[in-house]
Amino acid sequence: MDDEHTAWYREACAQCAAVDWGLSDEGRFYCRCCHNVIERTKEVVDTSSAPGSTRVSTIGRGSRTKRPEGGRQWMVCEGFQFILMKQANALVQLGVSPQFKDKVLCQLWRLYLQRSRQAYTHNPVRSSKFKLRSLDSDSDSAAESAVTAFSETDGDANLSSTAGSNAESSSGWSQFSGSVDARNYLGPRMKRNCGLMSMKKTLALIHLALVWSREPLTLSDLLRFATEGHVPYLNAYEELPEEMKLDGKDGFIFRVESIPSHHTLHKEAQTLLLFLQLPAFPPISRQSLLHPALLSLRYLMDANLPDELHPWVCQLLERAGMAEHSLHTFDPVSHPLLPRFDLQSVALIIVTLKVLFGLDDHTEWDLSNVAGDHGDSENMFSLRRWYRLMQAALITAQQRRNQHIARKQWKAKKPLSSSKMHINIVMKQKRTAEQVQACFQKLSSCPVGVQPAEPSSFRFCWGDEDGADGPSLHHQKLDSAVTLSHNVHAASNSTYWHPALRACDPGKCRNHYPEVEASLPRSLVWLLQLFSFMLDVTPACLYEEVLGVERRVFGTKTPNGCGAEETNRTDKKTRRKCSQRC
Amino acid sequence: MSTERPEVSGFRQSTHICLEKIREAMLHHRWHEAAEYMAFYPQILEDRTRTSAATNKELVWRLSTEILHHHPKSKLEDYNNIYERMKHSGVKLYLLVSLEHSFHLMLHGHIVDAKRQLSVAESWRYGKESAAQYQTIKLIQAYRSLLDYIIWCDKKFTHSDLPNFDDNQEMQNYFRQASVNLKEILKNPGVWDPFILSYVEMLEFYEDHEEALKVLNDYAYDNSLPPNPNAHVYLYQYLKRHNAPQRKLMKVLKTLHVLVPSHELMLEYSALLLQSEKKSDSEKVLGMVLEMLDFACWRRNLDVWKCLKAVIEKLQLQDDWRNIVSGKMSERKDWWPALHFTKFHASKDCEDPELMGVKVALVQILCPDLKCTKYTAGEGSKGQ
């Protein structure tokens with residue numbers, strides 16, 4: 001019978017999933033259960049020709065769809081693994097120690113795979129039968145293969161499971177395009193898992209790995225590198241190897257619409273932390289660069305503030321009880337919140353400035369007048385002069401950033417699309433766009449694919465060389481704001497104001513900054529805008545952090561600022577005596 | 001306590017800011033800057049939301065052409081490039097962009113290329129779309145014919161020294177191609193002056209006078225077309241060229257008079273009417289000339305005043321001429337002095353003594369109650 005032609009073909013029928021093929025009259029394969037005819041035909045062999053003759057000896061009609069060169073099957077998490085590796089390599093290039101990638105990120109990734117039951121588990125999320133190879137030594141994460149932990153199926157990729165993702169192949173033969181489980185990935189069952197990887201999560205995972213390795217690359221730095229393209233994020237899937245082909249469904253998983261905000265990513269990292277059930281992190285001591293004591297030095301430099309401010313920041317740190325490493329280290333039991341190192345440091349700086357200069361729209365300008373009247377005004381730090389310098393630099397930097405945003409190209413070179421017809425339309429639109437772009441590029445002689453700016457931890461550049469944003473004020477003295485009496489340096493400004501400090505119930509109210517902003521002194525508002533530009537966060541976020549620091553310093557015995565007690569709605573100016581021991 | 005930025009995708013934010021920058025640059029005429037930003041904007045065409053796709057294409061088309069118009073380094077090939085791209089980017093835009101493309105080529109002298117564009121556009125079909133855009137198609141057909149006419153003119157000019165002038169086959173072809181559409185043009189209401197003129201010129205050349213006359217008559221008198229004084233002017237000029245009888249000429253001019261009483265052809269009409277014997281015609285002429293002078297544009301025209309003088313002289317042959325004149329002037333005598341006979345007018349008219357003379361002669365007849373003007377007291381008077 002025709003079993004000899006069809007018996008070897010073990011592909012499941014697309015309609016009924018049975019494996020029972022017969023041969024129709026025209027020589028096509030058909031399923032005996034549901035009579036579904038597929039494209040495959042039996043091979044026709046002409047045996048009448050003698051060997052060695054020049055006639056064509058076989059006429060084979062194989063499957064209609066050719067196997068694309070070098071394609072292979074791959075899972076979605078393989079793709080993410082590859083992308084993570086690229087991102088980690090980029091960070092190592094930027095100066096992060098390789099330990100972060102080999103010892104920390106790798107382990108975190110495997111832990112993630114285990115927890116989300118995509119690998120390293122006896123109970124995988126999918127129903128397919130994958131054989132797990134034994135784990136090799138993990139120190140080698142060289143580039144030749146990103147799939148050391150996964151095994152490919154035996155033989156010729158005859159998957160009997162995951163019939164869903166193979167259903168679209170018309171010949172019943174695996175198409176080798178697109179990941180195998182993309183459909184499952186997007187389906188409701190796995191979504192309920194809540195552990196699914198996403199592009200945002202890659203950055204969150206990297207952030208956790210960086211914090212664990214105590215690298216001084218903060219979350220805002222990471223986001224900035226992602227925006228500028230130093231760390232692959234936008235269209236990162238284009239760097240997947242040739243053999244891992246993507247199709248439309250993968251687009252939903254791998255495509256990004258925007259760079260996540262600081263706040264979103266922090267929440268993502270927090271969720272991931274709980275999902276992974278990590279133990280306590282290595283402690284962030286005073287010596288580590290993520291500790292506010294040292295991190296604030298960096299922000300002081302970037303903001304062109306005098307180095308003499310740093311001891312004051314450290315004093316404030318002591319006062320607020322924030323010098324302990326336990327406050328900055330994640331611990332699932334005692335400190336289950338991931339700290340925001342960058343925001344904390346900057347908030348400390350702001351509070352220090354508030355202590356020294358008042359920032360109530362009067363004191364700071366009086367002190368600036370004192371500095372101006374002083375004989376040695378060149379070396380005296382004057383807030384007015386600093387403000388003028390910073391404002392000019394800030395405006396220029398903001399305009400430059402807007403320019404970059406306007407010029408940023410978001411669309412991938414190889415767009416993904418779910419259907420063949422749609423991809424044609426998409427490619428046509430792309431060609432039109434490119435042609436119009438080329439025409440204007442020629443006209444304006446301005447290259448579109450400009451190299452991103454040199455990566456730098458600093459937003460501004462202070463000094464005397466070309467391209468600097470202004471003269472450096474780091475060497476200036478704080479004598480106008482500080483008095484020396486009885487060998488104790490004390491702030492000239494003797495009062496400190498703060499709004500009502502008791503924390504609102506997070507369930508009941510959201511951030512109050514938009515309502516409060518109009519009543520705050522303009523100096524403080526401007527300062528918040530400056531630092532939130534530097535960190536690329538919203539001023540409201542920063543304001544919350546500042547309030548947090550003030551709470552630590554002064555306690556929360558003051559009345560609530562919102563809610564039912566309307567009588568205490570307005571700011572309550574509390575007079576405190578300020579003195580610092582040097 | 002948390003703050004959330006509103007969910008705007010980075011792509012949307014980038015394109016929005018880019019568009020703002022382009023707009024700012026264009027409004028301030030900073031064309032280099034506009035071209036620079038325009039190089040970054042076309043990614044909007046790859047936006048996957050279907051609702052804004054058509055708007056985006058139109059936006060890119062119009063911005064690009066506007067920048068090319070003003071940018072000092074733009075060349076014709078840039079225009080061609082952009083037009084070709086945007087034409088084929090979407091179904092709704094194809095005809096409009098083709099039309100604009102051919103206008104551009106026409107204005108820069110590339111008549112044959114322009115015609116080719118329109119021919120291609122004319123044969124474009126796309127189901128419901130081409131049916132929905134039939135007005136644009138009509139325009140395309142009309143302009144294609146006009147371009148055929150222009151080429152015909154060129155050929156006429158270049159071949160005018162050849163012996164077999166009339167039988168030139170090429171010219172015949174173009175004439176035929178052009179007349180296919182031009183014949184149908186009048187079925188669509190509109191103002192088709194240049195098209196009609198070109199058609200009539202070609203018809204005159206081939207001595208098809210019947211057709212020419214029919215076309216002109218239809219154009220002038222068809223009620224489905226908007227009233228167009230030019231139609232009557234063309235008809236009149238044609239009739240005059242072909243020595244039509246006075247009766248016909250006067251008929252055309254009569255309709256024209258109703259439409260545009262201040263038309264310059266009214267002078268010719270008056271001349272024609274003055275030749276007739278009927279008394280009522282003289283009255284008509286008086287009324288007509290006075291109506292012409294109601295319009296300030298004829299104030300200093302010597303011919304009109306002379307015509308007025310002539311008609312009044314003719315009227316004076318009748319007995320009741322004063323009644324006739326005062327009857328016509330009754331509705332005017334309040335404001336005519338201010339219109340024609342003030343001190344200011346006198347000071348200007350002094351430069352033209354002949355005009356002054358005519359006006360002085362007429363002022364007493366037309367406005368007998370008017371006293372103490374430079375016109376009544378004569379030259380060198382001390383009238384206020």
Side-chain angles (χ1 to χ4, degrees), chain A residues 227 234 256-264 266-267 402-412 415 417 422 425-426 428-448 503-506 509-514 537-544 547-548, chain B residues 1-22 24 31-48 50 53 56-57 60-61 63-64 67-68 71-75 77-90:
Chain A
T227 316
L234 185 66
V256 294
E257 298 283 307
S258 26
I259 313 286
S261 67
H262 189 278
H263 171 77
T264 325
H266 188 258
K267 257 200 340 201
N402 270 348
Q403 256 190 5
H404 283 143
I405 296 177
R407 293 175 186 226
K408 192 169 169 73
Q409 299 294 297
W410 289 84
K411 293 297 177 183
S417 187
H422 201 242
I425 298 175
V426 166
K428 182 178 169 199
Q429 285 169 345
K430 190 165 199 60
R431 275 198 302 273
T432 314
E434 278 172 4
Q435 300 254 359
V436 177
Q437 199 176 60
C439 173
F440 280 98
Q441 256 182 278
K442 190 175 62 95
L443 202 61
S444 64
S445 46
C446 167
V448 169
C504 304
D505 182 355
C509 10
R510 314 189 110 245
N511 194 298
H512 286 291
Y513 183 70
V537 293
T538 57
C541 258
L542 197 49
Y543 182 67
E544 282 306 316
L547 285 182
Chain B
M1 277 173 284
S2 56
T3 54
E4 300 271 349
R5 262 206 287 253
E7 287 302 315
V8 178
S9 86
F11 171 73
R12 214 158 288 296
Q13 194 192 25
S14 284
T15 48
H16 179 71
I17 295 183
C18 197
L19 185 61
E20 293 241 341
K21 294 246 182 252
I22 293 176
E24 278 300 307
W31 300 108
H32 285 279
E33 193 183 321
E36 266 182 35
Y37 278 109
M38 196 62 204
F40 296 102
Y41 192 59
Q43 60 174 337
I44 190 103
L45 292 172
E46 300 183 61
D47 189 8
R48 273 169 292 124
R50 323 256 323 255
N56 292 337
K57 287 178 199 150
V60 170
W61 162 41
L63 285 176
S64 317
I67 294 178
L68 285 176
H71 198 277
K73 285 201 272 177
S74 62
K75 300 197 180 36
E77 56 209 34
D78 295 325
Y79 278 100
N80 284 341
N81 208 357
I82 296 281
Y83 279 130
E84 285 297 328
R85 291 289 117 241
M86 297 319 295
K87 218 190 287 192
H88 295 285
S89 71

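Below, chain A is the first sequence line, B the second, and so on; all start at residue 1.
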Taking A/Gln409 for its side chain and B/Phe40 for its backbone only, find out whether a donor-acceptor pair lies under 3.5 Å.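 Present.
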
Side chain, backbone, both or neither: which part of A/Val426 has an atom under 4.5 Å from a heavy atom of chain B?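 Contact with chain B is absent: no heavy atom of A/Val426 under 4.5 Å.
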
B/His88, NE2 atom: more than 12 neighbouring heavy atoms under 6.0 Å: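 Enclosed.
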
What part of [X] gets within 4.5 angstrom of chain A, counting heavy atoms only: side chain, backbone, both, or neither?
X       : value
B/Leu19 : neither
B/Glu20 : neither
B/Asp78 : both

Count the heavy-atom pairs under 4.5 Å between each of [options] and chain A, then report the option with the highest count.
options                            : value
B/Gly90, B/Pro72, B/Ala53, B/Ser64 : B/Ser64
B/Lys73, B/Lys57, B/Met38          : B/Met38
B/Ser74, B/Ser14, B/Ala35          : B/Ser14
B/Lys21, B/Gln13, B/Arg48, B/His32 : B/Arg48

Restricting to non-hydrogen atoms, name the atom on [X] and the atom on [Y] that form the minimum distance, rounded to 0.1 Å.
X        : Y        : value
B/Tyr37  : A/Gln403 : OH-CG, 2.9 Å
B/Arg85  : A/Thr432 : O-CG2, 3.9 Å
A/Gln437 : B/Ala39  : CG-O, 2.8 Å

Taking the side chain as every heavy atom from C-beta outward, state whether A/Lys408 and B/Phe11 have any pair of such atoms under 4.5 Å apart.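 Not in contact.
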
